[in-house]
Amino acid sequence: MKVLVINAGSSSLKYQLYDMRDESVLASGRVERIGMDSSIVTHEPADKQEVRVVSEILDHVTAVKRVTDMLTHKEHGVLASMNEIDAVGHRIVHGGEVFKGSVLVTSEVKLEIRRLFDLAPLHNPAHMMGITAVETNMPNVPQVVVFDTAFHQTMPKTSYLYPIPTVLYRRHKIRRYGFHGTSHSYVSDKAARFLKKPLESLKMVTCHIGNGASCAAILDGKSFDTSMGMTPLEGLMMGTRSGDIDPAIVPFVMNKEELTLNEANSMLNKHSGMLAISGISSDMREVTEAMNEGDKNAKLAFDMYVYRVKKYIGAYAAAMNGIDTLVFTAGVGENSSDLRKAVCEGITFLGIELDEELNAKRSKEAREISTPNSRIKVLVVPTNEELLIARDTYKIVQG
Ligand code: AMP
């Protein structure tokens with residue numbers, strides 16, 4: 001069975017084609033600048049040269065057509081015909097309270113996703129365009145939707161409610177949803193397999209630290225709490241996002257600086273975090289480099305970033321009455337030994353002992369970086385959200 005995984009954004013569309021017999025990636029790629037002039041398709045077939053084609057792609061229907069043309073191309077293709085694609089899996093950012101797991105796309109499911117446009121106005125409409133485009137190009141192929149929020153639907157009320165008037169929850173569904181669920185789910189499962197223990201037996205904190213960042217507390221094999229909330233702005237300090245701040249700052253600054261709603265949103269989402277404090281970059285590599293060259297603001301940004309990760313790990317250890325596994329994943333978590341060292345050094349009282357040599361090594365495989373004596377197992381687990389989407393799609397379509 002071959003599964004095409006699609007992540008549709010408003011002006012981009014990423015794809016990966018899996019052969020589910022061995023879960024190998026046959027090809028991957030992306031379409032960029034949809035609806036603008038000079039759209040770009042970058043196609044990477046396994047074992048063949050990458051191809052880049054610049055042309056005009058005005059909408060998602062054409063984008064999906066170009067993807068299938070590439071996949072079946074005489075020279076660059078990996079399929080004899082489009083009929084070889086058995087199912088399509090989509091990443092959907094927001095599943096609200098309705099979707100607690102992945103589901104087959106039906107007209108009711110599409111209606112529910114539309115109802116959730118309000119909660120994810122930048123993402124869900126774009127995902128919907130992806131679903132419609134696949135329907136147009138491959139009308140008989142089953143589609144499955146996999147939600148970033150679904151894994152966190154197991155959070156108890158104490159974790160997901162905000163202490164604000166409950167009418168706001170009833171009327172507008174204002175509550176904490178959490179994001180990166182596909183990644184937290186994938187790495188927690190992988191970590192348990194790596195340790196050869198049932199996931200249900202572990203008290204785990206997973207740290208998905210990339211451009212966006214979130215921690216999750218995994219108890220009894222389920223998400224018990226997570227640092228992102230109603231939107232992906234809450235929680236850890238991120239590349240350009242503030243994470244937790246006093247909410248009273250928002251009206252105060254709007255008043256003092258005469259900001260519009262959009263400007264206030266943009267300040268917190270695009271001009272805060274590591275970028276604001278370092279004054280250099282939102283990219284961890286550049287901030288670390290500047291710090292190592294003696295830049296004081298870069299060091300402050302790095303220290304604040306680390307401090308906030310430590311605080312969440314400590315909070316979740318308290319929330320679960322203990323922790324026995326700590327997992328790092330995503331761009332920073334997988335690649336920055338400096339970040340992992342700084343986080344672990346500051347919480348040795350929990351029983352963490354980092355093996356510095358193992359921490360400094362690089363690998364694409366899941367691995368342990370704590371010493372045999374460490375009470376808490378510290379792991380680095382490369383995330384693979386696309387593979388989890390492909391697996392869910394395969395399972396659902398197989399029935
Ligand atoms: P992601 O959003 O998961 O793709 O992660 C992107 C982030 O990972 C950026 O801040 C990158 O600077 C960071 N990153 C990638 N490689 C490294 C590395 N070798 N060292 C430190 N940070 C890295």
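Here, residue 1 is the first one in the sequence, and each next residue gets the next number. Note that the coordinates shown come from a computational prediction; the quantities given were computed from them, not determined experimentally. In listed order, ligands and their atoms are each counted from 1.
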Practice task
Step by step, work out the salt bridge (charged side-chain N to carboxylate O under 4.0 Å, His left out) result for E56 and R66.
Solution key: CA-CA 11 Å; E56 192 178 74; R66 294 291 158 83; over 6 Å; no

Exercise for the section: Report the relative orientation of the aromatic rings in H180 and H208; use parallel for angles under 30°, tilted for 30 to 60°, perpendicular for over 60°. Expected result: parallel

Practice task
For atom 2 (O) of ligand 1, grab the closest protein heavy atom and report residue, atom and distance to one decimal in Å.
Solution key: N211 N, 2.9 Å

Problem - Sub-4.0 Å atoms of ligand 1 with respect to non-hydrogen atoms of G210 - result: 1 (P), 2 (O), 3 (O), 5 (O)

Handout entry: Distance-only N or O hit between ligand 1 and V332, under 3.5 Å
Key = yes

Exercise for the section: Around atom 12 (O) of ligand 1, find the nearest protein heavy atom and jot down its residue, atom name and distance. Expected result: D283 OD1, 2.3 Å

Problem - Within-cut-off N or O pair, H208 and ligand 1, under 3.5 Å - result: no

Handout entry: Working for side-chain hydrogen bond (donor to acceptor under 3.5 Å, both in side chains), residues D225 and Y312
Key = CA-CA 10 Å; D225 202 352; Y312 265 101; over 6 Å; no

Problem - Polar side-chain atom of D220 near backbone of K222 as donor-acceptor pair, under 3.5 Å - result: no

Practice task
Taking salt bridge (Lys or Arg N to Asp or Glu O under 4.0 Å) as the test, write out the residues that go with K65, two or more places apart.
Solution key: D69

Practice task
State the atoms of ligand 1, each with its element, that fall below the 4.0 Å cut-off from a heavy-atom position in R362.
Solution key: 19 (N)

Handout entry: Of the listed options T288, L339, N335, closest to atom 16 (N) of ligand 1 (non-hydrogen atoms)
Key = N335

Problem - A330 N/O to ligand 1 N/O under 3.5 Å - result: no

Problem - atom 23 (C) of ligand 1: the protein heavy-atom neighbour that sits closest, reported with distance to 0.1 Å - result: R285 CG, 3.7 Å

Problem - M238 heavy atom under 4.0 Å from ligand 1 - result: no

Exercise for the section: For the residue pair F147 and F99, categorise the inter-ring angle as parallel (less than 30°), tilted (30 to 60°) or perpendicular (more than 60°). Expected result: parallel

Problem - Proximal ligand 1 atoms for S336, defined as those under 4.0 Å from one of its heavy atoms - result: 21 (C)

Completion exercise
d(L195 CG, L202 CG) to nearest 0.5 Å is 6.5 Å

Completion exercise
re atom 10 (O) of ligand 1, the protein heavy-atom contact at minimum distance is M284 N, 3.1 Å

Problem - Check against side-chain hydrogen bond (donor to acceptor under 3.5 Å, both in side chains), S363 and E365 - result: CA-CA 5 Å; S363 164; E365 301 299 320; 5.8 Å; no

Exercise for the section: Report yes or no: does N124 contribute a side-chain atom to a donor-acceptor pair with the main-chain N or O of R114 at less than 3.5 Å? Expected result: no

Completion exercise
Closest to atom 3 (O) of ligand 1 among protein heavy atoms sits G331 N, 2.9 Å

